[in-house]
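Reviewing the structure listed below.
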Amino acid sequence: MFRTKRSGLVRRLWRSRAPAEGDGDADRGTHGSGGCCMGKTTKVSKSNAGSEAELKALTHSILKKIKEKQLEVLLQAVESKGGARSPCLLLPSKVDAKVGQQSYSLPLLLYKVFRWPDLRHSSELKRLSCCESYGKINPELVCCNPHHMSRLCELESPPPPYSRYPVDFLKPPDSPDSGPSSSDTGGTTYSAPVGLSDSLALQESGERAHWCVVAYWEEKTRVGRLYSVQEPSLDIFYDLPQGNGFCLGQLCSDNKSQLVQMVRAKIGYGIQLTREPDGVWVYNRSCYPIFIKSATLDNPDSRTLLVHKVFPGFSIKAFDFDKACSLQRPNDHEFTQQPRTGFTVQISFVKGWGQCYTRQFISSCPCWLEVIFNTR
């Protein structure tokens, strides 16, 4: 029987759909327990989401109505898992589809089929700033590219006990400009003045003003120079098919630790750091969790800073400039040690730290970032 190119694209897309829970290969971004950013999963049963055959028939019927070029765009995004730069897939936003007893808009159905089988409502999503539909309200055509979206990271209240970063564990360094020197110090807090002196030199040399600088660390050693960020969005990655940004894989490291090398290899697509109108967002593009500590993620009345776990495919507002300027934590030694010229956010790849981990401080984590914001 003669098979058209369109039919071949549709079959490849169906084979590339996101595995449902229980398939043994589901996205790590929607599973796990004990994290601050929870991918609240619900088992997809036949009674509430229709059978596999029904979903397949519906998906095929929808995809066959899409133009071939649009199918190629969708296939590129899905097969590369967001690693390749794919354009927007603009489709009507008002078309609804019904699976079992549940109705979904066309965009939501595609996000559900190709990224998050447990997705229930569009309020769980955040559109990435690279998307044409970003910031638009109720457009006639909306981008349905599943890799132009992320899941919103919801902070639990109260936070899980493992993530608390107690003040008692923080001890002052020997000098204000020293970097991490032992596991007795939080380390990263005190490296910021050194980094900012490098970034100030960039401004004095005539470089365009930056909104943040990024330092990459392996345990207690900073690797490479600071990366000054002027553009609104930055990809930080180890291995990205079409990467353009801060490539950690190109940095020269003398660290021979097997753990560091293992974690370094797992960074993969890494993260996307984006300055948006409401603050700075971090999108986890990798296949493994990341861990974040930021003063503006916590309750203003909290005496301690918390470490937040962010699963793959999720976004979290890691920093709020307005909130940062109004924060006062007189009892928090770590917060009062922040340099006056900026604030920092700390991000660890794969491995967490805190009271219930063997790593008490981020300076003991294999691979981590320090993002130093310019608030002037």
Subject >> Working for side-chain contact (heavy atoms from CB on, under 4.5 Å), residues Ser286 and Phe349 >> reply: CA-CA 9 Å; Ser286 75; Phe349 294 103; 5.6 Å; no

Subject >> Phe373 side chain near Val345 side chain, heavy-atom distance below 4.5 Å >> reply: yes

**OP:** Check whether any side-chain heavy atom of Pro146 sits under 4.5 Å from a side-chain heavy atom of Leu89, and report yes or no.
**Re:** no

Original post:
If you look at every heavy atom in Asn255 and Gln261, which pair is closest and at what distance?
Top reply: O-NE2, 3.8 Å

Original post:
Where do Pro107 and Val142 come nearest, in terms of heavy atoms and distance?
Top reply: CG-CG1, 3.4 Å

**OP:** Sequence neighbours left out, what passes salt bridge (charged side-chain N to carboxylate O under 4.0 Å, His left out) with Glu218? Give chain and number order.
**Re:** Arg264

Original post:
Is it the case that one hydrophobic cluster holds both Leu74 and Met149, taking links as side-chain heavy atoms less than 4.5 Å apart, direct or via other members?
Top reply: yes

**OP:** Mind listing the closest non-hydrogen atom pair of Ser364 and Lys220 along with its distance?
**Re:** OG-NZ, 4.3 Å

Subject >> CH2-NZ distance between Trp368 and Lys293, expressed to the nearest 0.5 angstrom >> reply: 9.5 Å

Subject >> Closest heavy-atom pair and its distance - Leu297, Ala318 >> reply: CG-O, 4.2 Å

Subject >> CG/Asp278: more than 12 non-hydrogen atoms of other groups inside 6.0 Å >> reply: yes

Original post:
Under a 4.5 Å cut-off applied to non-hydrogen side-chain atoms, are His308 and Cys153 in contact?
Top reply: no

Original post:
Is Asn374 reaching over with its side chain to a backbone N or O of His210, donor-acceptor style, under 3.5 angstrom?
Top reply: yes

Original post:
In terms of heavy-atom contacts, does CG of Asn244 have more than 12 from other residues, nucleotides or ligands at under 6.0 Å?
Top reply: no

Original post:
Shared ILVMFWY cluster between Val310 and Leu234, side chains joined below 4.5 angstrom?
Top reply: yes

Subject >> For Val223 against Ser253, the heavy-atom pair lying closest together >> reply: CG1-CB, 4.2 Å

Original post:
Hey, any chance Val229 and Ile292 share a hydrophobic cluster, counting ILVMFWY side chains that come within less than 4.5 Å of each other, even indirectly?
Top reply: yes

Subject >> Phe343 side, atom CZ; Ser294 side, atom OG - distance, nearest 0.5 Å >> reply: 10.0 Å

Subject >> Close side-chain approach of Trp217 to Glu370, heavy-atom, < 4.5 Å >> reply: yes

**OP:** Look only at the side chain of Glu124 and the backbone of His121, and say whether a donor-acceptor pair between them is shorter than 3.5 Å.
**Re:** yes

**OP:** Let me see the working for Lys5 and Glu72 under side-chain contact (heavy atoms from CB on, under 4.5 Å), right down to the final yes or no.
**Re:** CA-CA 10 Å; Lys5 180 180 178 181; Glu72 290 173 348; 2.6 Å; yes

Original post:
Do Gln230 and Ser228 meet the criterion of a side-chain donor-acceptor pair at a distance under 3.5 Å?
Top reply: yes

Subject >> Common cluster, Ile62/Trp116, ILVMFWY with side-chain heavy-atom separation under 4.5 Å >> reply: yes

Subject >> For Ser129, the option from Tyr283, Tyr134, Trp281 that meets side chain to side chain contact (heavy atoms under 4.5 Å, CB included) >> reply: Tyr134

**OP:** Output, in order, the C-alpha distance, side-chain angles, deciding distance and verdict of side-chain contact (heavy atoms from CB on, under 4.5 Å) for Val280 and Lys317.
**Re:** CA-CA 6 Å; Val280 177; Lys317 185 163 78 169; over 6 Å; no

Original post:
Any donor-acceptor pair under 3.5 Å linking the side chain of Arg6 with the backbone of Lys64?
Top reply: yes

Subject >> ring-ring contact (aromatic ring centres under 6.0 Å, His included) involving Phe246 - partner list, sequence neighbours excluded >> reply: Tyr227

Original post:
Under the criterion side chain to side chain contact (heavy atoms under 4.5 Å, CB included), which of Leu128, Ile271, Asp235 is the partner of Arg285?
Top reply: Asp235

**OP:** Let me see the working for Ile290 and Ile267 under side-chain contact (heavy atoms from CB on, under 4.5 Å), right down to the final yes or no.
**Re:** CA-CA 9 Å; Ile290 60 173; Ile267 293 173; over 6 Å; no

Original post:
Above 12 or not: heavy atoms from other molecules or residues under 6.0 Å from NZ of Lys81?
Top reply: no

Original post:
Taking all atoms of both residues into account, what is the closest heavy-atom pair of Arg359 and Gly352, and its distance?
Top reply: CD-O, 3.9 Å

**OP:** Could you tell me whether the side chain of Tyr238 reaches within less than 4.5 Å of the side chain of Cys247, counting heavy atoms only?
**Re:** no

Original post:
Judged by atom type as modelled, is there a donor-acceptor pair below 3.5 Å linking the side chain of Arg127 to the main-chain atoms of Cys143?
Top reply: yes

Subject >> Beyond-backbone contact of Ser86 with His148, side-chain heavy atoms, under 4.5 angstrom >> reply: yes

Original post:
How long is the gap from CG on Leu119 to CG on Leu110, to the nearest 0.5 Å?
Top reply: 11.5 Å

**OP:** Sequence neighbours left out, what pairs pass salt bridge (Lys or Arg N to Asp or Glu O under 4.0 Å) with at least one residue falling in residues 267-276?
**Re:** Lys126-Glu276

Subject >> Atom pair CD/CG of Glu68 and Leu75 - distance to nearest 0.5 Å >> reply: 12.0 Å

Original post:
Among the clusters formed by ILVMFWY side chains lying less than 4.5 Å apart, do Tyr288 and Ile236 turn up in the same one?
Top reply: yes

Original post:
CG/Leu91 to CG/Asn145 distance, rounded to the nearest 0.5 angstrom?
Top reply: 10.0 Å

Subject >> Distance under 6.0 Å and angle within 45° of ring axis: Arg11 vs Trp14 >> reply: no

Original post:
Taking C-beta and beyond as the side chain, do Phe314 and Pro289 meet within less than 4.5 Å on heavy atoms?
Top reply: no

Original post:
Can you tell me how far the NE2 atom of His147 sits from the CZ atom of Arg115, to the nearest 0.5 Å?
Top reply: 4.5 Å

Subject >> Leu63 vs Leu9 side-chain heavy atoms within contact, under 4.5 Å >> reply: no

